[in-house]
Amino acid sequence: MAQEWGFYFDPEKCIGCSACQVACKNRHGVDPGPVDWRRVETVSQGEFPDYEETTVSISCMHCADAPCENVCPTGAINKRDSDGIVTVDQDKCIGCKYCGWACPFGAPQYGDDGLMQKCNLCLGEGPGSGSGQPTKKTADNGGTKPACVDTCVGGALEAGPISDLLDGVSQAAAERFGQGSSSANVIVEPTTSDGGMGPADITTPETGD
Amino acid sequence: MSVTGSAGALWLDSPHWAEFIATYLFLGGVSGGAYLTSTWASLMKHLMDEQNWLSRLLLARSDDRAHRCACAETARWGSLIGVLGIAVGGVALLMHLGAPLRALTFPVLFTNFGSWLVIGTWVIVLFAVWAVLETLWLHFGAELQGASGMSLFPRKILSWFDGVMPWRTDRGITWLIDTIADATRPPSRLWGGLRIIGGVLSITLIVYTAMLLSDVTVVQFWTRPYLPFIFLMSGVSTGISAALLGTVLSGGALTRANHRFCLTDDAIIVVELVGIGLLLSFLSSSPNMGAQASLTALFDTYQLLFVGGVLAFGTIIPVILSLTITVLHEFTHFEENPMGARLLTGGYATKYVLVLIGGFLLRYVVLMAAVKSPLAVQGV
Ligand code: SF4
Ligand code: SF4
């Protein structure tokens, strides 16, 4: 793979305003309603007075070995060789929702037409528009920034080739991404309260953590 | 996106599959199990005619006419339910899809042979061919003209059509299908070989309905080997129940054939219960939050359906009922008075219906109790 794209997220900079979520919906003409390609969620921890809330902005992680692609019967889902972006060709999708089960991150969405749609890293606009688009270019090379990244007020979100992203992140985040047990292509900065783990380690959690 | 934030973790809600897929998985199991029952009943009938060492071992006495009739009925019901089950199941699957018509182009569209949906589709197609042929050969043929037996209702319906159609002739649709059946019916040994292949296909079909789910590694509840094993047992058990319910309706409740199948079904149900117990103990010892969420769903949200429907009414009560009927049937003269015979018949029918309801509810809770998986963002 030439350059594998992914996301970068810094929870410390995220203020939970949901601008990324709204911008994504607007860019792709996603109808109002439960379908969201990007979503901002709050995770709470502890009890008062040691109570803490963190907001996270998540979307498709464009996984290295994408479980959604592996189960899709028709090959509608494609992890592109050229940039590692996982796209969906709605003309091939039969709407079986198998990908919805296989994805560990809840990324596949199903609109009123019952077909799968999800983040395509703004390769194109509208559901299914990413497939067949040329290789993604960085903003420096005349490409467009993903809507979520463009709109993020706190600079919490970035997108680009993983190698470029890793240049600008903390050592802890880079190390954790390298050790991550999941194939998700997202680099996450540790929070101050973080015991060294973060979403790059996204795994099925165990109770008593 | 169906993700909700909460204490310590993000939860992934996956309400992707519900009644339609539960119906599809259930009928896939019933179809495969009914076909297996059909082949077994055909073998028993065959052994009655052969009188070789195997028939002596299996006590296939050739003088038991009722047993022979019940075997024939069971074989016919089994193959027919195999066809109807997979047909209705297929429609249930299509109804769930976003683009059902597109899915019908599967021979060209389904290119990912690593996907269980693709493997399963081809297993279904092959199984359907086998089940249709078996039904054709068992339900049609010149020999069956004028034959009685409730399982032969498809040919009764066709004969009725032949009678009311404006172009009616002596050689109607029934005659045509009878002719095709007689011309294509293979000789006994070849037919036996085909049935063995059909049996393998039906087991593959039943197991596939679980492999489709257990390939989703996010959901601990669907873990291998527990779920495929439970579905295999449940598929065979519900298949026996569906085919023998037909035999009971045909008046074969008090035959040795029904009695034996019913006891076999009981044994399978007990093994299935052990499988369910092992899965529950695996889940309860798993530190995985999704496993705990599924347990909570089973014993809380879906308590009525799981504990009441699947465990009590779908497995334990049918076995108790069946054993009670067996004792009455074998060790008393209960069946000799008409009321007793009716009660026993009703008892068998109730058992089979309960097993079928339990089988459906099992698929339903297996889907519904898996709808919540943890998406961990550890430390965030
Ligand atoms: S996050 Fe989900 S939808 Fe995106 S590539 Fe990974 S498995 Fe596929
Ligand atoms: S819903 Fe569409 S994209 Fe998802 S697995 Fe089914 S066919 Fe593939």
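In what follows, chains are A, B, ... by sequence order, proteins preceding strands, each numbered from 1.
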Can a salt bridge be assigned to the pair B/Arg224 and B/Asp215 using a cut-off of 4.0 Å between side-chain N and carboxylate O?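 Salt bridge flag = yes for B/Asp215 with B/Arg224.
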Salt bridge or not for A/Arg176 and A/Glu189, using N-O below 4.0 Å?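 No, A/Arg176 and A/Glu189 are not salt-bridged.
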Less than 4.5 Å apart, any side-chain heavy atom of A/Pro104 and any of B/Val218?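 The answer is yes, as the side chains (C-beta and beyond) meet within the 4.5 Å cut-off.
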Who among [options] has the most heavy-atom pairs with chain B under 4.5 Å?
options: A/Asp91, A/Asp113, A/Leu115; answer: A/Asp91
options: A/Cys93, A/Gly114, A/Ala76; answer: A/Cys93
options: A/Cys72, A/Gly111, A/Pro67, A/Cys103; answer: A/Cys72

Checking ring-ring contact (aromatic ring centres under 6.0 Å, His included) for the pair A/Tyr98/B/His16: CA distance, chi angles, key distance, verdict? CA-CA 8 Å; A/Tyr98 204 6; B/His16 299 308; over 10 Å; no
Name the region of B/Ile21, side chain, backbone, both or neither, that has any atom closer than 4.5 Å to a heavy atom of chain A.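 Neither part.
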Does any backbone or side-chain atom of B/Val108 lie under 4.5 Å from a heavy atom of chain A? Answer side chain, backbone, both or neither.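 It is neither, since no heavy atom gets under 4.5 Å.
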Using non-hydrogen atoms and a 4.5 Å limit, figure out which bit of A/Gln90 sits close to chain B: side chain, backbone, both or neither.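 Contact with chain B: backbone only.
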What part of A/Gln21 gets closer than 4.5 Å to chain B, counting heavy atoms only: side chain, backbone, both or neither?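 For A/Gln21, neither part sits under 4.5 Å from chain B.
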Name the one of B/Leu126, B/Val200, B/Val123 that satisfies side-chain contact (heavy atoms from CB on, under 4.5 Å) with B/Leu205?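 Among the candidates, only B/Val123 passes.
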